[in-house]
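Since the model is a prediction, treat every value here as computed from it, not as a measurement. Throughout, protein chains are lettered first and strands after them, A, B, ... in sequence-line order, and every chain is numbered starting at 1.
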Amino acid sequence: MSEPVERPTGSAAVPEKPSLEGLETKWRDRWETDGTYGFDRTKTRDQIYAIDTPPPTVSGALHIGHCASYTHKDLMARFWRMRGKEVFYPMGWDDNGLNVERRVQLMRGVLCDPSLPYDPDFTPSDPPPKRPIPVSRPNFMQICAEVVEMLEEKYHELWSTMGLSVDWAQSYTTIGAKARRVSQYGFVRLLERDLAYRTEAPTLWDVDMKTAVAQAELEDRTIPGAYHRLVFRRADGEPLYIETTRPELLAACVAVVAHPDDERYKPLMGTEVTTPLFNVRVPVLAHELADPEKGSGIAMICTFGDTTDVIWWRDLALPVRTVVEKDGRVATMPPAGLEDGDGRAAYSEIAGLNMKQAQKRVVELLQAAGGIEGEPRPIEHPVKFWENGNRPLEIVTNRQWYIRYPPTDEMLARGREVRWHPEFMHVRYDNWVNGLVGDWNITRQRYFGVPFPIWYPIDEDGNVLHDRLLIARDDQLPVDPSTDVPDGYAQEQRDKPGGFAGDPDVMDTWATSSLTPQIAGGWPDDLDLFARVFPMDLRPQAHDIIRTWLFYTVIRSHYEFDTAPWSDALISGFVQDPDRKKLSKSAGNSPDDPMAIIGEFGADAVRYWASGERPGMDLALDRNQFKVGRRLATKILNASRFVLGFGEQPDAAAASAPLDLAMLGLLAEVVDDATKAFEEYEYTRALERTESFFWSFCDDYLELVKARAYTGDASAVAALRLGLSALLRLFAPFLPFVTEEVWSWWQDGSVHRSLWPTPGEVAADDGDPLVLEVAAEVLGQVRKAKTTAKKSLRADVALVIVHGRPEQLAALEAARSDVREAGRIAELRTEPADELTVVVTLSE
RNA sequence: GGGCGCAUAGCUCAGUUGGUUAGAGCGCUGCCUUCACACGGCAGAGGUCCACAGUUCGAGUCUGUGUGCGCCCACCA
């Protein structure tokens with residue numbers, strides 16, 4: 001038993017009492033100052049790893065789920081950077097569109113009324129008024145811009161605190177000039193190729209926000225409704241019962257339809273029936289989509305009650321009888337075809353009512369007129385809503401811009417060019433592509449968005465000539481047709497006969513965000529940069545927007561560059577609260593407020609928790625994991641201080657003792673596994689392997705070697721420092737703050753710009769892992785004996801007899817003195833046996 | 001109605017090509033004031049691997065059926 005050795009004085013840079021406090025602030029400032037994550041655009045495409053980072057919707061509430069998914073992207077960025085790639089890792093803010101307008105309406109109490117003049121002195125009142133105040137379009141835009149800037153700063157703050165290694169110099173916003181230019185330029189190019197077009201067509205419409213919405217933004221909600229049994233009259237005066245949940249649309253009825261094989265209605269096909277109340281004659285038609293099981297098996301077709309009506313209307317070439325206006329109210333004037341005097345009188349009773357009121361009134365009128373049989377029969381049924389809306393969508397006819405979908409097989413082929421992580425998410429893409437209907441409506445009747453770079457001439461009679469486009473020149477873009485003037489016209493001619501009119505609408509936000517690789521990559525003005533980053537390597541995103549962001553990006557890249565936009569898609573899941581419900585959206589003091597959590601546990605701990613979410617899987621919000629992560633970070637701090645306290649040994653080759661080589665050999669395997677895991681986007685496995693090794697490094701190896709290390713043994717010190725160096729680098733993507741802190745104690749430069757360890761670097765010689773395994777097992781048995789005897793681990797051991805196979809005993813011999821020191825063993829004997837057993841006799 | 005995923009210890013999850021006694025962390029219990037770390041360490045208890053059927057010498061793992069949960073999609077009269 002050796003005498004305690006005085007501990008060598010540690011490096012001056014190693015603090016006596018290391019702490020995690022303040023590491024986030026310290027290092028994020030330092031990384032910013034040093035440009036640690038700056039992108040070097042002189043590198044070529046093969047040297048670059050480009051990430052198509054999702055621009056977060058800044059109008060949404062910040063919550064801990066963001067931290068999880070953005071950590072995953074950062075893990076990949078940091079891994080590839082350490083592998084020597086120049087990582088192109090921009091950040092965008094999605095700050096245009098309807099959601100921002102809604103947020104502004106709530107936060108500032110204003111809404112846009114384009115008919116109002118600009119008021120330079122207007123300031124929103126604080127707190128905002130309950131009833132939003134109408135303001136001019138320029139005022140509204142200004143307020144929106146202020147609000148998004150504030151929101152973006154909060155995101156920036158959170159991302160920096162989380163340690164995201166983005167290059168902030170590459171930032172963009174989807175409402176910014178660059179994004180507007182790319183959006184308009186991309187649009188014009190599609191227009192020139194007839195891949196974008198404008199047409200008047202039935203459109204899904206949100207009556208509250210008064211805008212069209214796209215197929216991808218729909219969601220079904222099950223709400224109460226009721227079947228109303230309406231009494232139509234056949235030519236012979238007999239009744240024909242038709243069940244509908246929307247009697248208020250009766251005036252919009254253009255036909256009734258049954259299945260062609262439905263024997264009950266076959267005799268009526270080709271005849272006409274008369275609607276109750278309005279007394280309009282409509283044909284009885286056949287169509288496959290009519291379901292004999294539903295209602296009375298025969299349906300009324302209205303223009304338009306739902307998307308099936310649109311299909312019937314199109315397939316059967318029916319006329320339009322519009323009843324619903326864009327504000328969701330019944331049109332003032334009755335539709336064409338409603339000629340009957342009583343019918344017009346009935347219509348006047350519902351004109352101007354909203355849908356709910358209209359339904360009530362129509363039912364009353366029908367009851368009075370005997371047009372309805374029995375009481376309404378309540379049901380629950382799915383109805384289409386805009387995903388952020390409050391009232392069911394209506395379908396109205398409107399002029400809209402569309403982008404054509406490519407043929408299905410082309411879109412599927414593009415999907416197959418991408419490697420999906422996890423692979424099963426690919427199915428969602430295919431399902432979506434196979435279920436597409438119509439084309440992509442990119443028009444929104446809103447204000448805070450990218451306008452269409454289009455004007456229309458006005459003829460001498462004041463008619464806007466919508467089929468004669470005045471398209472902005474490429475070099476003019478971005479333009480705002482509401483203030484800019486097309487070539488050949490003067491500002492005074494705006495909205496005048498013989499003059500011009502600007503296109504009033506803006507693009508759907510996806511029409512812009514589908515171009516994120518183009519926007520971030522500098523297309524079309526910086527083609528040098530673009531060639532260095534496109535097609536990109538990675539699209540990381542959540543699974544809910546496969547049908548939107550991912551799909552649309554593929555389409556734009558397909559049209560513009562004839563390629564998939566990236567080689568790999570990394571799809572993350574959602575964060576759920578411990579009860580598996582949706583996380584609360586409230587910002588501020590909620591239990592999932594990210595800043596509060598980071599403040600309590602540290603960013604590394606939050607990243608640790610997030611790293612446990614495997615691609616495609618959901619993750620529960622688990623405070624326990626924050627604790628575990630924090631404990632790991634603390635352990636790294638303390639273990640590192642301990643290791644570095646043994647002094648320096650610059651020659652890594654000095655590691656020669658069998659125990660030390662065994663440790664390094666095992667570490668080399670860990671490096672190899674972690675590297676492969678990362679290359680397969682299995683970052684969770686990389687962390688698990690590293691973490692598990694690290695704990696045995698601390699509990700077993702460090703305990704075994706410390707007596708020798710205290711003496712300054714070159715092999716021990718070299719192995720410890722080499723092991724620590726590799727471990728810090730393996731942990732660096734996950735725990736960037738604590739690893740950087742420790743790295744700074746004894747290394748130059750940032751750990752995040754150091755090279756990822758390689759197996760060969762760690763284990764130049766072949767160590768025999770058995771040495772460490774057997775030594776750790778014996779030490780473990782000694783500890784167990786002490787614990788069982790309720791003795792301190794410092795208690796002396798009189799005798800240890802190890803039974804084992806010859807190679808096990810030989811391995812133990814190679815570490816004999818380390819084992820004796822670590823276990824405080826007076827006498828260590830070995831005896832041959834078939835399996836390894838350890839008999840421990842404690843001293844009295 | 002269609003598709004996808006999940007189901008393993010009280011909780012959160014690993015279990016790679018089928019192969020002895022199914023693992024980890026947390027939690028729980030006990031012990032250790034230990035000279036890197038009490039924001040610690042050591043150890044212990046705890047499981048009919050959702051059910052049924054099949055393939056196989058052998059199934060947590062492969063096949064089928066069913067059940068439960070979650071998500072995505074769907075033409076909703």
Side-chain angles (χ1 to χ4, degrees), chain A residues 4 7 10 14 16-20 218 220-223 225 227-228 230 242-246 249 256-258 287-291 294-302 305-312 379-384 392 422 424-432 434-435 437 543-544 546-547 573-574 576 578 580 601-602 605 609 612 614 616-620 622-625 627-628 630-646 673 684-685 688 691-692 695 698-699 702-703 706 710 780 782-795:
Chain A
R7 200 176 132 231
V14 181
E16 199 45 48
K17 192 76 186 163
S19 162
L20 298 175
L218 305 182
D220 285 0
R221 292 184 204 163
T222 301
I223 61 167
Y227 272 127
H228 299 77
L230 304 190
I242 292 189
E243 303 210 324
T244 178
T245 56
R246 301 205 60 186
L249 293 181
V256 298
V257 65
H287 195 278
E288 301 282 342
L289 279 183
D291 182 354
K294 247 177 218 164
S296 55
I298 185 162
M300 66 175 191
I301 303 175
C302 302
D306 62 35
T307 49
T308 317
D309 282 340
V310 177
I311 296 170
W312 281 329
I379 54 158
E380 297 266 313
H381 64 152
V383 174
K384 283 199 191 309
F424 67 75
M425 286 296 177
H426 187 177
V427 177
R428 297 209 180 179
Y429 174 88
D430 285 352
N431 284 350
W432 178 252
N434 284 319
V437 180
H543 58 69
D544 58 329
I546 289 174
R547 64 174 175 161
F574 287 146
Q576 297 169 317
R580 293 277 149 182
F601 298 98
W609 160 76
R614 299 175 134 75
M617 299 299 183
D618 289 344
L619 180 67
D622 185 355
R623 297 178 68 83
N624 236 330
Q625 289 303 106
K627 277 195 220 161
V628 175
R630 184 169 179 86
R631 197 184 60 156
L632 175 62
T634 305
K635 189 77 174 178
I636 290 172
L637 226 41
N638 286 308
S640 301
R641 183 172 85 90
F642 188 46
V643 166
L644 296 176
F646 294 122
D673 285 355
T684 304
R685 209 170 76 223
E688 276 174 359
E691 187 187 6
S692 150
W695 284 104
C698 292
D699 295 345
L702 215 36
E703 290 300 322
K706 72 180 177 189
Y710 274 129
V782 169
R783 282 197 291 241
K784 189 169 177 175
K786 291 177 182 176
T787 298
T788 308
K790 304 193 175 180
K791 290 275 180 75
S792 157
L793 291 181
R794 293 184 65 205

Visitor: Please pick, from B:C13, B:C71, B:G25, the nucleotide with the shortest atom-to-atom distance to any side-chain atom of A:Arg631.
Guide: B:G25
Visitor: What's the shortest heavy-atom distance between A:Asp699 and A:Arg783, and which atoms?
Guide: O-NH1, 3.3 Å
Visitor: Taking a pair as Watson-Crick or G-U wobble with both distances under 3.5 Å, which nucleotide is matched to B:G44?
Guide: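 Partner of B:G44: B:C28.
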Visitor: Scan A:Ile636, A:Leu637, A:Val643 and name whichever one has a side-chain contact (heavy atoms from CB on, under 4.5 Å) with A:Ser640.
Guide: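 Result for side-chain contact (heavy atoms from CB on, under 4.5 Å) with A:Ser640: A:Ile636.
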Visitor: Taking the P atom in each of B:U20 and B:U61, what is the distance between them to the nearest angstrom?
Guide: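 Roughly 14 Å separates the two P atoms.
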Visitor: In terms of the nearest nucleotide of RNA chain B, which residue is placed more toward the 5' end: A:Asp544 or A:Lys706?
Guide: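 Closer to the 5' end of RNA chain B: A:Lys706.
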Visitor: Hey, does A:Arg246 reach any base, or is it just sugar-phosphate, or nothing, if we go heavy atoms under 4.0 Å?
Guide: nothing
Visitor: Please state the P separation for the pair B:A77 and B:C4 - nearest whole angstrom.
Guide: 27 Å
Visitor: Starting from C1' on B:A77, measure out to OH on A:Tyr227 and report it in whole angstrom.
Guide: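 Spelled out: OH on A:Tyr227 to C1' on B:A77 is 6 Å.
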Visitor: Reckon A:Lys784 has a side-chain N or O less than 4.0 Å from the OP1 or OP2 of B:G44?
Guide: yes
Visitor: Would you find a donor on one side and an acceptor on the other, under 3.5 Å apart, between the side chain of A:Trp312 and the backbone of A:Ile301?
Guide: no
Visitor: What integer distance in Å separates A:Ile379:CD1 from B:A77:C1'?
Guide: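 Rounding to the nearest Å, CD1 of A:Ile379 and C1' of B:A77 are 9 Å apart.
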Visitor: What contact category does A:Val427 fall into here, base, sugar-phosphate, or nothing, at under 4.0 angstrom with non-hydrogen atoms?
Guide: sugar-phosphate
Visitor: Picking from B:C75, B:C26, B:A36, which would you name as closest to the side chain of A:Leu702?
Guide: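 Looking only at heavy atoms from C-beta outward on A:Leu702, the closest nucleotide is B:A36.
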Visitor: Just by distance, do the side chain of A:Lys786 and the backbone of A:Leu793 share a donor-acceptor pair under 3.5 Å?
Guide: yes
Visitor: For B:U56, give its Watson-Crick or G-U wobble partner with both distances under 3.5 Å, or none.
Guide: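 With both distances under 3.5 Å required, B:U56 matches none.
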Visitor: Rounded to the Å, how far apart are A:Leu632 CG and B:A36 P?
Guide: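 Those two atoms, CG and P, are 20 Å apart.
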Visitor: Which of the following nucleotides, B:A77, B:G41, B:A14, is nearest to the side chain of A:Asp699?
Guide: B:G41
Visitor: Looking at A:Ser792, I'd like to know whether one of its side-chain N or O atoms comes within less than 4.0 Å of OP1 or OP2 on B:U34.
Guide: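 Checking A:Ser792 against B:U34: no side-chain N or O falls below 4.0 Å of OP1 or OP2.
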Visitor: Check every strand shown and say whether A:Glu688 touches a base, only sugar-phosphate, or nothing at a heavy-atom separation below 4.0 Å.
Guide: sugar-phosphate
Visitor: Looking only at the side chain of A:Lys790 (C-beta and beyond, no hydrogens), which of the listed nucleotides B:C13, B:A38, B:G30 gets closest?
Guide: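 Given the options B:C13, B:A38, B:G30, the side chain of A:Lys790 is closest to B:G30.
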Visitor: Between B:A9 and B:C50, how far apart are the two C1' atoms, rounded to whole Å?
Guide: 15 Å
Visitor: Consider the side chain of A:Lys635, meaning its heavy atoms from C-beta on, and name the nucleotide among B:U12, B:G27, B:C37 that approaches it most closely.
Guide: B:C37
Visitor: If we take the C1' atom in both B:U34 and B:C49, what is their distance in whole Å?
Guide: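 Their C1' atoms lie roughly 40 Å apart.
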Visitor: On a whole-Å scale, what distance lies between the P atoms belonging to B:U55 and B:G15?
Guide: 29 Å
Visitor: What is the distance from CZ of A:Arg783 to C1' of B:G40, rounded to the nearest Å?
Guide: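 Distance, rounded to whole Å: 14 Å.
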Visitor: State the pairing partner of B:G68; accept Watson-Crick or G-U wobble contacts with both distances under 3.5 Å, and report none otherwise.
Guide: B:C6
Visitor: Give A:Thr634 one of three labels, base, sugar-phosphate or nothing, depending on what nucleic acid heavy atoms sit under 4.0 Å from its own.
Guide: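 Touches a base.
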Visitor: Would you classify A:Glu380 as touching base, sugar-phosphate or nothing, given that sugar-phosphate means primed atoms plus P, OP1 and OP2, and contacts are heavy atoms under 4.0 Å?
Guide: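 No contact.
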Visitor: Rounding to an integer number of Å, can you tell me how far A:Arg428 CZ sits from B:A74 C1'?
Guide: 15 Å
Visitor: Tell me: CE of A:Met617 to P of B:C72, nearest whole Å?
Guide: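 So the CE-P distance, A:Met617 to B:C72, works out to 16 Å.
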Visitor: With under 30° as parallel and over 60° as perpendicular, where do the rings of A:Tyr710 and A:Phe646 fit, or are they tilted in between?
Guide: perpendicular
Visitor: Let's see if you can work this out: which of B:A77, B:C73, B:G41 has an atom nearest to the side-chain heavy atoms of A:Arg547?
Guide: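 Nearest nucleotide to the side chain: B:C73.
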Visitor: Please give, in whole Å, the distance from B:G41 C1' to A:Phe642 CZ?
Guide: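 The answer, rounded to whole Å, is 13 Å.
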Visitor: Distance check, C1' atoms only: B:U65 and B:C11, in whole angstrom units.
Guide: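 Their C1' atoms lie roughly 31 Å apart.
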Visitor: Please give the distance between the C1' atoms of B:G47 and B:U8 as a whole number of Å.
Guide: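 My reading of the C1' atoms in B:G47 and B:U8 gives 8 Å.
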Visitor: Do A:His287 side-chain atoms and A:Leu289 backbone N/O form a donor-acceptor pair below 3.5 Å?
Guide: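 Yes; judged by distance alone, with no hydrogens or angles, the pair exists.
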Visitor: Which nucleotide, B:G3, B:A36, B:C71, lies nearest any side-chain atom of A:Asn638?
Guide: B:A36
Visitor: Is there a salt bridge (Lys or Arg N to Asp or Glu O under 4.0 Å) between A:Glu691 and A:Lys635 once you walk through the steps?
Guide: CA-CA 11 Å; A:Glu691 187 187 6; A:Lys635 189 77 174 178; over 6 Å; no
Visitor: Name the nucleic acid region contacted by A:Phe574, choosing base, sugar-phosphate or nothing; use a 4.0 angstrom heavy-atom cut-off, strictly under.
Guide: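 Nothing, no heavy atom under 4.0 Å.
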Visitor: Compare every heavy atom of A:Trp609 with every heavy atom of A:Asp622, then report the nearest pair and how far apart it is.
Guide: N-NE1, 3.7 Å
Visitor: Of the nucleotides B:A77, B:G41, B:A43, which one has an atom closest to the side chain of A:Ala290?
Guide: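 Output: B:A77.
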Visitor: Taking atom P in both B:U56 and B:G18, compute the distance separating them and give it to the nearest angstrom.
Guide: 15 Å
Visitor: Under 3.5 Å for both donor-acceptor distances, Watson-Crick or wobble: does B:G23 have a partner, and if so which one?
Guide: B:C13
Visitor: Measure from the side chain of A:Thr308, starting at C-beta and using heavy atoms only, and say which of B:C42, B:C75, B:U34 lies closest.
Guide: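 It is B:C75.
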Visitor: Choose from B:C73, B:C39, B:C75 the nucleotide whose nearest atom is closest to any side-chain atom of A:Arg630.
Guide: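 When the side chain of A:Arg630 is considered, B:C39 is the closest of B:C73, B:C39, B:C75.
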Visitor: If you assign A:Val628 and A:Trp695 each to the RNA chain B nucleotide with the nearest heavy atom, which residue ends up on the more 5' nucleotide?
Guide: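 Closer to the 5' end of RNA chain B: A:Val628.
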Visitor: With heavy atoms under 4.0 Å as the rule, sort A:Cys302 into base, sugar-phosphate or nothing.
Guide: nothing
